[in-house]
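First comes the structure, then the notes that go with it.
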Amino acid sequence: MKLLVPIKRVPDPYSKIRLSADAAGIDATGLKYEINPFDEIAVEEALRIGEKLSCEIAVVSIGDAACEEQLRKALAMGAHRAIRVDCNETLDSLGVAKILAKVFEREKPDLVLMGKQAIDDDCNQAGQMLAGMLNLPQATFASAISIVGGIARVTRETDEGQETLELKLPAVVTADLRLNEPRYVALPGIIKARSKPIETLSLSELNVSAECRVRTTSLSAPPPRAAGRKVANVDELLSALRSERGLKL
Amino acid sequence: MNPKAAAALPKGGGFLFACENEPFTPEQFGADERLMADTAFQFAKNEVLPLLDRLDAQEEGLMPGLIKQACELGFGGPDTPEKYGGLGLSKAVATRILEKLSLNGSFSTTIGVHQGVAQLPIVLFGSEEQRMRYLPRITSGEIMPAYALSEPNNGTDALSVASRAALRNGAYRLSGTKMWISNAKWASLFTVFAKVDGERFSAFLVERDSPGLEVSREEHKMGLKGSSTARLILEDAVVPQANLLYLEGEGHRVALNTLNIGRCKIGAMALGQMRSALHAAAKYSKERKQFGRTIASFGLVRQKLAEMAARMFAAESVLYRTVALIDSAFSAREASGDEYDETRKACEEFQIECSLTKVLTTEALAFAVDEALQIHGGYGFTEEFPIARLYRDARVMRIYEGTNEINRLFAFERVMKRGLLDALRDGAPTCPAHEYLILAARNLDASKPLGQELTACMSDLTLLTYAQQSANLRAERMRRENVQFADFGVDAAKQFEASATGWAAARCAEALARMGVKQNVSLSSAGQPRDVADAVLESDGYPL
Ligand SMILES: Cc1cc2nc3c(=O)[nH]c(=O)nc-3n(C[C@H](O)[C@H](O)[C@H](O)COP(=O)(O)OP(=O)(O)OC[C@H]3O[C@@H](n4cnc5c(N)ncnc54)[C@H](O)[C@@H]3O)c2cc1C
């Protein structure tokens, strides 16, 4: 079996994000980058599947050479090989999905396992678009996955409760927060990853172009949170919400 | 190695008259080395920090469990050769890893001893058979080792131990009491130092279940309560002859060379705890309000934050410069030579730097925990905030692995013994503290015994020179390579230069007075540096 896990390089969710001076992007000074946390969960899940079934696990990232740092981390966690699609341009979700579709055609994996969304732009679309484009079954927000005989059983957490789907492979599954807790990257794994291959593909090799139909018109930092205050009881809370916030409660 | 390469290699004490072109700095770590450090940091943060109360209560099995878990991730012997189950990493990377593991004193000491002084005697001086027998089990975390040198009546004066060994019927019999043995409660293997026939100082590998060996109760300590510190009582303990470590009568080499490297491990442990102290201080000063403002807005609080960060920057610069020098000495060992002789040479080459590093890092830590506690006001004096524990735990760092007094004395005595004084006197200053050191050195009458007080003045000048030079070289490199936080590095180095120059002037004045030289020491002011408090507040602690 073969698993393909797309991962995105994003700013460390625990670092402080500031806008650049011209407010056209974020200020990268001193910023640490990480694997998108949901993608790291997807990598972890792939590794766990691989521990039960024999699998080849390939990770793929789209970006410039800098994202090899995140690919190396995934290799250190235990993925077997990595692909970097060389691309310096900004992409929207559809652009990402189109490139991943080409990678899918090349790799022909049995399962694409990816994060439900990236924590930088919070789009939550690429997985769904990818499945749509490839005409594959999809399950989003997975909180449990098991694979038996060419079928993926995926539990999803929805507002109504848990839902379990069965998908015929190949399929696209996106990972939610509660799917697992990624392992520590053990030091021997990091040393081993030094000799694992990272293949670089150009967009022209994949016969696809970088697309972005979405334009960012402005960015602004969230307003600082006003100080809170303590209320004595629920009644006081309700009346404060009614009178100060105009809520109809 | 060819003689040309040997000439190019940095020599111990070289900073006294010049600086190597590009001292190593933490900014030079590669991506996978940073990843290793990050795993260490995440482990300490997620697995160790939530357990501090329980660890300090010495909950059964908790600390050994953590050590086992840490070893499974590869922290059992990062710089031990792969052949023996280690990872074969450089001292520089291993130091970074230990630093990041060291957010808490008790865990830091336990893992630091495991990776360091307790394991090093076997790595450096064990026979191939001894290494194969013990190291894989140590690095994997199956067993814990300990280092047993100190005794109730012989601490600083360690080489005059009272413990005795005698060879009888093909086995050594050891008798004596070892005191302050870290990890004793959990250790299965002790490197014990004793004198054979009361004369030949030697090292022995003593297994815990040896007949005649007893580990007594835990010491009741003021801090580091989660670590184990206990006595070892040997009554005619039986040790197979094959467990003599290195040679009879050569135990001092095992003891001292281990401590040399151990002193850099202490530096890593100190930096890790400093990071915790700065984090606590920055966070608290942003939260606490007085007079309607956060205390972070007051000049005196900002000054403390800035000075802590500046000293940490200098300490960090010194530590990584030193360990990289040791790496260079180790990699220059000649394959053709006697392995042990070559190892010894490598360990000894930078012993001045090692002692200075120990003093500098542990005193920067002492300053940091003290000021961080002060920033907490009365709350700092309670167990409600983490700073009280950090303060208590840090105190021992100036005591063990050679007290800071003995390391100070040793460092300058080595400068004299190695005949570096003349070169120092003739050298050109590389930083302001260096000017004061040269001034004092030129007036020093080396034909007379200096006395401890004067030696300590000279040692402080040496230390400040090494620190100022290292911080400046690093800042300069950060600026030139335009790395992240280069501005912080430049400002921190400037701030350190301003304070260190002041101390150097005072120490120089005292040195001259002690020599009976009548000369005014003037203090050239470098101006008021831009303070780094904002960077510390912004980063919730040490920015790098
Ligand atoms: C928590 C803890 C863990 C430890 N772990 C270990 C361990 O694992 N293995 C081990 O072998 N030891 C260990 N030690 C022992 C430690 O190394 C000694 O405590 C230290 O070397 C000092 O010895 P001492 O306590 O006997 O003090 P002393 O030697 O009695 O010193 C008392 C004071 O006198 C000063 N002094 C002594 N001699 C001189 C001199 N010549 N000139 C100037 N001043 C001097 C000292 O600097 C100090 O201030 C540990 C100690 C502690 C507290």
Side-chain angles (χ1 to χ4, degrees), chain A residues 7 9 11-20 26-35 37 40 43-44 59 61 63-79 82 84 181-196 198 221 224-225 227-229, chain B residues 29-48 69-80 82 85-89 93-94 96-98 100-101 115 139-140 287 289 292 294 478 482-489 535 537-544:
Chain A
I7 62 177
R9 172 183 164 91
D12 177 356
Y14 296 102
S15 59
K16 282 207 186 73
I17 306 293
R18 272 168 307 214
L19 292 184
S20 59
I26 58 169
D27 179 3
T29 353
L31 215 54
K32 247 182 79 190
Y33 287 85
E34 279 291 345
I35 300 180
E40 194 173 340
V43 173
E44 175 65 33
V59 287
S61 191
D64 60 17
C67 64
E68 292 196 358
E69 193 177 334
Q70 281 63 46
L71 288 171
R72 281 269 172 241
K73 179 169 176 183
L75 292 174
M77 287 173 75
R84 178 172 72 82
E181 217 178 288
R183 65 195 60 195
Y184 290 109
V185 192
L187 272 45
I190 298 173
I191 293 172
K192 244 185 251 157
R194 287 176 181 163
S195 56
K196 291 183 183 175
I198 298 184
R225 252 179 44 188
R229 72 164 201 271
Chain B
F29 286 121
D32 61 353
E33 294 165 341
R34 288 199 303 271
L35 187 53
M36 291 179 183
D38 195 52
T39 300
F41 185 74
Q42 297 302 333
F43 181 82
K45 198 168 124 216
N46 301 329
E47 307 297 322
V48 180
Q69 207 185 338
C71 290
E72 279 160 12
L73 289 171
F75 300 132
D79 46 343
T80 297
E82 284 170 280
L87 298 177
L89 300 170
V93 181
R96 196 58 158 182
I97 289 169
L98 180 56
K100 298 284 181 170
L101 285 172
Q115 294 180 345
T139 50
S140 70
E287 282 161 9
K289 277 194 178 150
T294 61
M478 287 175 85
N482 196 21
V483 296
Q484 289 187 336
F485 292 113
D487 288 349
F488 166 77
L537 289 165
E538 184 97 344
S539 306
D540 277 337
Y542 188 61
L544 300 177

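Hydrogens, waters and symmetry mates play no part in the numbers below; they use all other heavy atoms, side chains included. In what follows, every chain begins at residue 1, and chains take the letters A, B, ... in the order their sequences are listed. What you are looking at is a predicted structure, and each value in this text was computed from that prediction instead of being measured.
Ranked by heavy-atom pairs under 4.5 Å with chain A, the list B:L87, B:L544, B:V483 is led by B:L87.
Near-neighbour residues of residues 72-79 of chain A relative to chain B, defined by a heavy atom under 4.5 Å from a heavy atom of that chain, comprise A:K73, A:A76.
Only the side chain of B:D38 comes within contact range of chain A, with at least one heavy atom under 4.5 Å from a heavy atom of that chain. Residue A:Q70 does not touch chain B at all, counting heavy-atom pairs closer than 4.5 Å. Only the side chain of A:R194 has a heavy atom closer than 4.5 Å to any heavy atom of chain B. Interface remark: B:I97 contributes side-chain atoms only to the contact with chain A (heavy atom separation under 4.5 Å).
A donor-acceptor pair is defined here as one N or O able to donate and one able to accept, closer than 3.5 Å; such a pair exists between the side chain of A:S61 and the backbone of A:I7.
Salt bridge B:E33/B:R96: absent, no basic N to carboxylate O contact under 4.0 Å. For A:E68 and A:R84, the salt-bridge test passes: some basic side-chain N is under 4.0 Å from an acidic carboxylate O.
When only modelled atom types and interatomic distance are considered, A:Y184 and B:E47 share a side-chain donor-acceptor pair under 3.5 Å.
The nearest pair of heavy atoms linking A:S15 to A:K32 is OG-O, 4.4 Å. Across every non-hydrogen atom of B:F485 and B:P543, the tightest pair is CE1-O, 3.6 Å.
B:F41 pairs by the ring-ring contact (aromatic ring centres under 6.0 Å, His included) definition with nothing, not counting sequence neighbours.
A cation-pi arrangement is not found for B:R34 relative to B:F29, the charged atom failing to lie both closer than 6.0 Å to the ring centre and inside a 45° cone about the ring normal.
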